[in-house]
Amino acid sequence: MTFQESQIADVVIVGGAVMGSSTAYQLLADSGFKGRVVVIEKDPTYQLSASALSAASIRQQYSSAVNIRVSLHGIHFLRSIADHLSVDDDRPEIGLKEGGYLYCASEAGEQILRENQALQAAEGADILFLKPDELKARFPWLNVEDLAAGTWGRSGEGWFDGWGLLQAFRKKARSLGAEYVKGEVSEVERDGDAIVAVRLTDGTRIACGALVNCAGSGGRAIAEMAGLAIPVQAKRRYVFTFSCKEPVENCPLLIDTSGAYVRPEGEGHFICGASPEADLDPDWHDHDPASQDIDFSFFEEFIWPNLATRVPAFEAIKPGRAWSGPYDMSLLDHNAIIGKAVGFKNFYLCNGFSGHGLQQAPAVGRALSELIVHGGYRTLDLSELGHERVLENRPLLERNVI
C-alpha cells in the first residue's frame with residue numbers, strides 16, 4: 001500500500017533536514033517501534049536549510065552539563081558514522097576533522113573559561129586550559145598580547161561535512177522505511193490535547209499518532225498552527241570565505257574575544273562569521289528572497305579587522321564567496337526546546353537550536369525517538385531542555401554562545 005492510498009502515519013515529522021532525518025532514522029532503528037514514519041519536507045533540495053548552509057562543527061565547550069553530554073554523544077556517533085548509517089555497501093564519509101575549538105579570553109573572561117573548562121573536564125571532555133605562553137607555544141601565529149587565557153579542545157571537537165551528515169541520515173531513514181513527502185504544512189488539526197492530523201498546501205490530509213516539529217526556521221509557525229507559542233525566531237547568519245598565502249598551521253576553530261570565528265576549509269582556505277549585535281540582527285524569512293542578501297560590510301568592518309588583529313597572517317587575504325542561511329534562535333536562552341509540548345499528549349518540539357543543530361542531531365534524534373517509543377529518556381536525559389522551562393521562564397544559562 002502506498003502512502004497516498006493510506007494517508008495515515010504513526011509518526012509525522014515536519015522537516016526533513018538533519019534533525020528530522022535523525023529522528024526518523026532512530027525511530028525506525030528502535031526495536032520497540034513497529035509503526036509508519038512520514039517526513040514532510042517542503043524543499044527536498046535543502047538549498048535554504050541550516051543543515052546545508054552552516055559552518056558544520058562540533059564542540060564540547062559549553063557551560064551547561066546537558067549540552068556537553070549531548071555533544072560527547074555526538075562526537076562518538078560521528079567517529080563511527082559508518083557503523084550507524086551505512087546502507088548495504090554504501091558507507092558515508094563526512095570528513096571529520098578534530099582540529100579543536102580555541103576560545104580566547106581577555107582578563108575579564110578568564111574566570112568564565114576556567115570554570116567552564118573544569119565542568120567540561122569533569123564531564124569527560126578533552127579540553128585544555130592554556131595561559132598565553134602555552135597558547136603561543138601551540139599556535140605561534142596567534143597574537144596573545146591582550147589575552148589572559150584560552151581553552152582548546154585537544155580531541156573531540158572540530159568540523160565535518162554537514163551536507164554529508166544530512167544525506168547519510170536521510171538515506172538510512174529511507175532504507176528503514178521512512179517515507180519522505182514533498183509538501184508544506186498549512187494546517188495542524190487538534191482535538192483537545194491531541195494532534196490528530198496535518199494538512200498540506202495541496203489539500204492532502206495526513207492523520208497521525210504523533211507529530212514532531214523539526215521544521216527549523218519554520219518551527220515557530222508550525223507550533224502556532226497547533227495553538228502554541230514558542231520563543232523561537234529565525235535569524236539570518238552570514239558565512240564568509242577567504243584564502244591566505246601565509247601558512248597558519250594547525251589552525252583550530254578559533255573564537256576571538258570579539259566573537260568573530262574562523263576555521264580552516266582546506267589548505268590555505270578559511271571560513272568565518274560572527275553573530276551581530278541584537279539591534280542589527282536581521283530576521284530570516286523562507287519565502288523572502290531578500291533574506292538571502294549578504295552584508296559584506298559586516299565582513300569588511302568587523303570580522304576581518306578582528307581576525308587580522310588576532311592572527312596577523314590574515315592581514316593579507318583574498319576574499320572568496322559568501323552565503324547567508326537561517327539560524328533558528330531560542331530567544332529565551334539560546335538553547336533548544338526539546339521534548340513533549342506541555343498541554344499535549346502527542347506533540348513533540350525540536351526547535352530553536354541557535355546554531356547547534358548539526359552537532360546535536362545524533363543525540364536529539366535518539367532522545368526524541370526514546371521519548372516517543374518508550375515514554376521517557378533512556379540514553380541521555382534532556383529534561384533540562386524541555387518545554388516546561390519556557391512556561392516557567394526558567395532559562396538554562398549558556399555562557400558559550402557563538
Side-chain angles (χ1 to χ4, degrees), residues 54-62 71 75 78-79 94-106 109 113 116-117 120 125-162 164 237-275 298-300 302-323 355-356 358-359 400 402:
S54 80
S57 52
I58 183 167
R59 61 180 166 113
Q60 281 84 54
Q61 291 194 60
Y62 291 96
S71 280
I75 193 64
L78 296 183
R79 285 169 174 165
I94 60 168
L96 176 63
K97 171 67 175 177
E98 294 187 41
Y101 271 61
L102 174 60
Y103 273 85
C104 297
S106 63
L113 280 195
N116 289 350
Q117 188 272 337
Q120 292 149 11
D126 187 17
I127 311 299
L128 303 183
F129 182 89
L130 304 172
K131 296 296 286 182
D133 57 337
E134 296 172 302
L135 288 170
K136 194 68 175 179
R138 286 185 180 274
F139 310 110
W141 39 263
L142 186 69
N143 174 15
V144 300
E145 290 181 0
D146 62 332
L147 297 184
T151 49
W152 172 61
R154 180 167 51 186
S155 65
E157 296 188 319
W159 48 93
F160 55 91
D161 178 359
R237 288 291 181 270
Y238 312 113
V239 179
F240 301 94
T241 71
F242 64 88
S243 57
C244 177
K245 287 187 176 180
E246 188 174 337
V248 182
E249 296 179 355
N250 300 315
C251 183
L253 194 157
L254 185 152
I255 301 98
D256 182 48
T257 54
S258 65
Y261 74 83
V262 63
R263 74 159 174 84
E265 182 75 348
E267 188 68 29
H269 300 278
F270 300 85
I271 66 172
C272 62
S275 294
F298 187 52
F299 173 78
E300 295 165 356
F302 178 78
I303 296 174
W304 183 17
N306 280 296
L307 292 182
T309 298
R310 186 60 55 214
V311 183
F314 291 159
E315 291 177 0
I317 64 169
K318 180 180 179 181
R321 71 187 188 97
W323 63 89
H356 309 146
L358 274 170
Q359 62 186 284
N400 283 8
I402 302 175

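We number each residue from 1, following the sequence as shown.
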Problem set entry | Sequence neighbours excluded, every pair satisfying side-chain hydrogen bond (donor to acceptor under 3.5 Å, both in side chains) that has a member inside residues 247-256 | Asp256-Ser258, Asp256-Arg310
For this session: Measure the CD1-OH distance between Ile255 and Tyr261 for me, rounded to the nearest 0.5 Å.
Result: 10.0 Å
Exercise. Is there a donor-acceptor pair under 3.5 Å between the side chain of Arg321 and the backbone N or O of Phe242?
Worked result: no
Exercise. Is Lys136 atom NZ crowded by more than 12 heavy atoms from other residues, nucleotides or ligands, each under 6.0 Å away?
Worked result: yes
For this session: Could you tell me which non-hydrogen atom of Gly259 sits nearest to which non-hydrogen atom of Ala274, and how far apart they are?
Result: O-CB, 3.9 Å
For this session: Taking all non-hydrogen atoms of both residues into account, name the closest pair between Lys131 and Ala148 and its distance.
Result: NZ-O, 3.1 Å
Exercise. Are a donor atom and an acceptor atom from the side chains of Gln359 and Ser57 found within less than 3.5 Å of each other?
Worked result: no
Problem set entry | Worked check of side-chain contact (heavy atoms from CB on, under 4.5 Å) between Leu78 and Ile58 | CA-CA 10 Å; Leu78 296 183; Ile58 183 167; 4.0 Å; yes
Exercise. For Lys318, which residues count as a side-chain hydrogen bond (donor to acceptor under 3.5 Å, both in side chains) partner, sequence neighbours excluded?
Worked result: none
For this session: With side-chain contact (heavy atoms from CB on, under 4.5 Å) as the test, would you mind laying out the steps for Phe270 and Thr241 before giving the verdict?
Result: CA-CA 6 Å; Phe270 300 85; Thr241 71; over 6 Å; no
For this session: Give the minimum heavy-atom separation between Leu358 and Phe160, together with the two atoms involved.
Result: CB-CZ, 4.0 Å
Exercise. When rounded to the nearest 0.5 angstrom, what distance separates OG in Ser106 from CG in Asp146?
Worked result: 7.5 Å
Exercise. Heavy-atom distance under 4.5 Å between the side chains of Leu128 and Arg138, does that happen here?
Worked result: yes
For this session: With the side chain counted from C-beta on, respond yes when Trp152 and Phe139 share a heavy-atom pair under 4.5 Å apart, and no when they do not.
Result: yes
For this session: Could you tell me the separation between the CH2 atom of Trp304 and the CZ atom of Phe298, rounded to the nearest 0.5 Å?
Result: 15.5 Å
Exercise. Are Arg59 and Tyr62 in a cation-pi setup, meaning NZ or CZ lies under 6.0 angstrom from the ring centre and within 45 degrees of the ring axis?
Worked result: yes
For this session: Evaluate the side-chain proximity of Leu147 to Leu135: yes if any heavy-atom separation is below 4.5 Å, no if none is.
Result: yes
Problem set entry | Separation of Ser243 OG from His269 NE2 (nearest 0.5 Å) | 6.0 Å
For this session: Might you point out which heavy atoms bring Ala137 and Pro140 nearest each other, and give the distance in Å?
Result: O-CD, 4.2 Å
For this session: Calculate, to the nearest 0.5 Å, the distance between atoms OG and CZ belonging to Ser155 and Arg79 respectively.
Result: 5.5 Å
Exercise. What heavy-atom pair brings Gly99 and Pro252 nearest, and what distance separates the two atoms?
Worked result: O-CB, 3.3 Å
Problem set entry | pair Ile127-Tyr101: side-chain heavy atoms closer than 4.5 Å | no
For this session: Would you mind reporting whether Asn116 and Thr151 have side-chain heavy atoms less than 4.5 Å apart?
Result: no
Exercise. Can Gln60 and Glu157 be counted as having a side-chain donor-acceptor contact under 3.5 angstrom?
Worked result: no
Exercise. Would you say Phe129 and Leu113 make side-chain contact, with heavy atoms under 4.5 Å?
Worked result: yes
Problem set entry | Pairwise side-chain contact, Ile303 with Val262, heavy-atom cut-off 4.5 Å (strictly under) | no
For this session: Decide side-chain contact (heavy atoms from CB on, under 4.5 Å) for Leu102 and Leu142; before the verdict, give the C-alpha distance in whole Å, the side-chain angles of both, and the deciding distance to 0.1 Å.
Result: CA-CA 11 Å; Leu102 174 60; Leu142 186 69; 4.1 Å; yes
Exercise. Do Arg263 and Cys251 come within less than 4.5 Å of each other through their side chains, counting heavy atoms only?
Worked result: no
Exercise. Once the angle between the rings of Phe240 and Tyr238 is folded into 0 to 90°, is it parallel (under 30°), tilted (30 to 60°) or perpendicular (over 60°)?
Worked result: tilted
Exercise. Can you check whether Glu145's main-chain N or O pairs, donor with acceptor, with Asn143's side chain at less than 3.5 Å?
Worked result: yes
Exercise. Roughly how far, to the nearest 0.5 Å, is the SG atom of Cys272 from the CZ atom of Phe314?
Worked result: 8.5 Å
Seminar exercise, completed: Between Leu307 and Ala260, the two heavy atoms sitting closest are CD2-CB, 4.0 Å
